[in-house]
Q: 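Just dropping this structure here.
Values below: every heavy atom of this structure, side chains too, minus hydrogens, waters and symmetry copies. Remember, it's 1-based here, ligands and their atoms both numbered in the order they're listed.
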Amino acid sequence: MDNECLENVNRFLVSRRTFIVAAAALAASPGALAAGRRRGNSFDHGVASGDPLHDRVIIWSRVTPKNWERGVTVKWRVARDARMRQVVARGRVETDILRDFTIKVDVTGLEPARTYYYEFSTHGARSPVGRTRTLPVNAQAARLATVSCSNLPAGLFNVYALIARRADLDAVLHLGDYLYEYRNGTFGDGAALGRVPVPDREILSLVDYRQRHAQYKLDADLQAAHRQHPFICVWDDHEFANNTWKDGADNHNPEQGEGDWPARKQAAMRAYFEWMPIRAWVQASEPRIYRQFRFGDLADLLMLDTRAHGRDHQSRAMSVGPDLGYPADDPAANDPARTLLGFDQEDWLARNLWQSHADGVTWRLLGQQVLMAQLSLTRGQSLLNFDVWDGYAPARQRLFDSVRDPRIGNLVVLTGDIHSSWANELTANPWDPATYDPVTGRGVLGVEFATPAVSSPGIADPVEAVRRAERFRSLSPHMKYVELHQRGYVLLDIDRQRVQGEFWHVATVDSPSREETLAAAFVNEAGANRLQPVDAPSPTRRDIEPAT
Ligand SMILES: [Fe+2]
């Protein structure tokens with residue numbers, strides 16, 4: 001992933017035609033006229049960093065320009081200290097309307113496992129100082145937070161504020177639904193909180209997706225989290241439209257004037273690559289987001305794209321509800337020709353899992369979007385949601401086979417999307433005593449921690465949420481923890497002996513709060529492949545420099 005790749009993605013994302021379209025749309029908007037009267041450039045959208053490797057990290061910001069018709073030269077600096085005195089790298093970069101005045105630099109030549117600080121400046125304007133961290137070459141421990149489903153009108157981003165206060169994270173994994181495509185009131189009403197989506201309509205065009213990203217990046221709590229930690233992000237469906245698959249989405253309706261899907265998908269992808277601190281990578285005709293991060297020989301993190309790259313159409317329109325769902329023997333859900341990842345990504349995943357095992361790496365972490373464990377209230381006779389791995393059973397089995405036959409152990413799946421908290425043991429059939437023993441863990445191929453949402457609601461009624469969670473638990477031996485009401489995040493603490501997953505829940509998303517509770521924690525000991533409850537949070541790490 002070098003600068004040549006960055007150039008490739010720019011060639012993909014930028015064309016003369018899109019410049020004309022973007023310029024015309026911006027010129028027509030009242031915001032552009034206001035921007036034209038600005039007194040100077042500024043960095044209103046904060047700073048961010050992401051995709052750390054052992055020698056490099058992406059740093060990001062965005063200029064709100066004084067004059068949108070001209071390009072802007074931005075200087076950047078990276079230092080060892082928060083006061084920016086021990087500068088280790090610096091440079092300048094041009095930005096303009098072609099990339100919506102966003103700035104992205106892949107800073108190379110850094111040392112492993114080190115905290116760095118960075119800032120941007122242009123003609124008198126200076127960005128906040130961001131803090132980031134490179135990956136280790138030799139690691140005995142690592143600590144990650146996982147988040148998903150940050151829905152601006154649905155509530156305050158208290159989860160991000162709490163994550164910003166933690167000094168001891170190596171990185172934050174955002175597992176998708178970083179933003180939502182809806183107009184106000186469709187999924188969350190932000191009027192009372194002053195969080196009405198901009199533009200207040202379903203976003204369709206490049207200008208729309210850019211405006212929505214820009215609005216989210218103005219949130220102070222999101223800015224704080226980005227400023228303190230490198231993020232490793234993957235998109236889910238709402239960065240495009242609800243229930244995206246590779247050639248469409250449930251919430252994309254050309255007959256209602258929403259245009260071609262490929263144009264919408266490309267607009268959403270382009271805005272994502274402009275506005276997110278993700279390393280650009282182009283393969284074939286589209287940028288890809290599945291990629292690997294290595295924490296020395298402690299852990300390999302494989303980030304997946306279960307949405308936009310290769311997913312076949314969901315076989316049923318579906319959502320998790322109180323009913324019994326759909327027959328588990330649904331022909332499409334059991335068609336081996338259908339895939340969630342795309343067969344090329346499946347091959348990449350199997351190859352990298354094997355290589356990680358062959359290299360003697362202790363843990364394999366998958367960062368991905370949708371629930372992998374079987375979700376049923378009839379002991380597997382019917383399944384509740386065919387938008388998740390349940391709708392692509394042979395593809396899931398291929399993944400299970402790729403770790404079972406060579407006995408690749410220590411697999412930890414990190415999941416978003418579902419707006420609720422789950423700790424699951426992963427096994428081919430949790431209701432078949434011949435293949436799975438929930439007491440001993442026989443037949444377990446990995447474990448799954450699904451993170452609650454940052455703000456999207458789960459089951460709104462807390463009493464009903466408890467009732468349903470108890471039902472899942474009583475019928476699903478592989479589900480060790482189910483909580484369906486709270487928002488929060490998962491903390492993953494990793495060392496040689498075990499991975500500990502902790503569910504941290506926030507008190508509210510309706511008012512500013514810095515209150516959080518450790519709701520549950522589970523340990524998976526190396527070689528054991530099973531979940532065991534524990535009472536105490538993992539001890540604070542002291543080897544990471546403090547937050548700024
Ligand atoms: Fe979501």
Side-chain angles (χ1 to χ4, degrees), residues 145-160 163 172-190 195 197 202-203 209 212-213 215-216 219 221-222 225 231-245 249-252 268 271-272 276 289 303-308 311 314 317-321 340 367-373 375 384-391 413-422 448-460 465 482-490 503 505-506 509:
T146 71
V147 291
S148 73
C149 301
S150 31
N151 181 347
L152 194 89
L156 300 177
F157 290 166
N158 292 332
V159 167
Y160 284 145
I163 284 174
V172 176
L173 309 190
H174 201 298
L175 299 171
D177 292 356
Y178 184 89
L179 53 71
Y180 283 71
E181 81 275 20
Y182 301 115
R183 66 179 165 81
N184 194 45
T186 305
F187 188 39
D189 184 343
R195 294 165 81 83
E202 185 176 324
I203 50 175
Y209 280 101
R212 192 61 61 87
H213 273 280
Q215 182 193 21
Y216 273 64
D219 181 272
D221 296 326
L222 175 57
F231 273 49
I232 297 173
C233 302
V234 283
W235 55 48
D236 195 12
D237 51 340
H238 291 287
E239 286 87 346
F240 302 87
N242 186 45
N243 283 359
T244 293
W245 59 288
D250 277 359
N251 190 31
H252 181 71
Y272 189 87
M276 299 296 288
I289 60 165
M303 301 296 287
L304 306 184
D305 182 354
T306 63
R307 276 292 168 195
R311 175 191 278 251
Q314 296 88 339
M318 67 222 76
S319 61
V320 176
L340 188 61
Q368 58 99 47
Q369 295 81 1
V370 291
L371 198 74
M372 192 172 285
L375 192 62
L384 283 169
N385 188 351
F386 280 175
D387 182 59
V388 299
W389 285 86
D390 276 340
V413 177
L414 305 167
T415 299
D417 179 59
I418 196 165
H419 308 176
S420 44
S421 306
W422 307 71
E448 176 176 40
F449 296 105
T451 183
V454 170
S455 62
S456 280
I459 305 281
V482 183
E483 202 291 324
L484 303 175
H485 177 69
Q486 302 286 355
R487 278 83 155 195
Y489 61 97
V490 165
F503 294 90
H505 289 163
V506 297
V509 296

Q: Which residues pass the side chain to side chain contact (heavy atoms under 4.5 Å, CB included) test with Ser455, sequence neighbours left out?
A: Asn151, Ala154, Phe157
Q: Please enumerate all residues that pass side chain to side chain contact (heavy atoms under 4.5 Å, CB included) together with His485, with sequence neighbours excluded.
A: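 In terms of side chain to side chain contact (heavy atoms under 4.5 Å, CB included), with neighbours along the sequence ignored, His485 is linked to Pro462, Ala465, Glu483.
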Q: If we count only N and O atoms by modelled type, under 3.5 Å, do the side chains of Glu181 and Asn251 hold a donor and an acceptor together?
A: yes
Q: Over 60° means perpendicular and under 30° means parallel, so tell me whether Trp235 and Tyr272 are parallel, tilted or perpendicular.
A: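 Because their plane-to-plane angle is over 60°, the rings of Trp235 and Tyr272 count as perpendicular.
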Q: Sequence neighbours excluded, which residues qualify as side chain to side chain contact (heavy atoms under 4.5 Å, CB included) partners of Val509?
A: Arg487, Val506
Q: Of the non-hydrogen atoms in Phe231 and Cys233, which two are nearest, and what is the gap between them?
A: CB-SG, 3.7 Å
Q: Tell me, which protein N/O/S atoms are under 2.8 Å away from the Fe ion (ligand 1)?
A: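 Correct list: Cys149 SG, Asp177 OD2, Tyr180 OH, His419 NE2.
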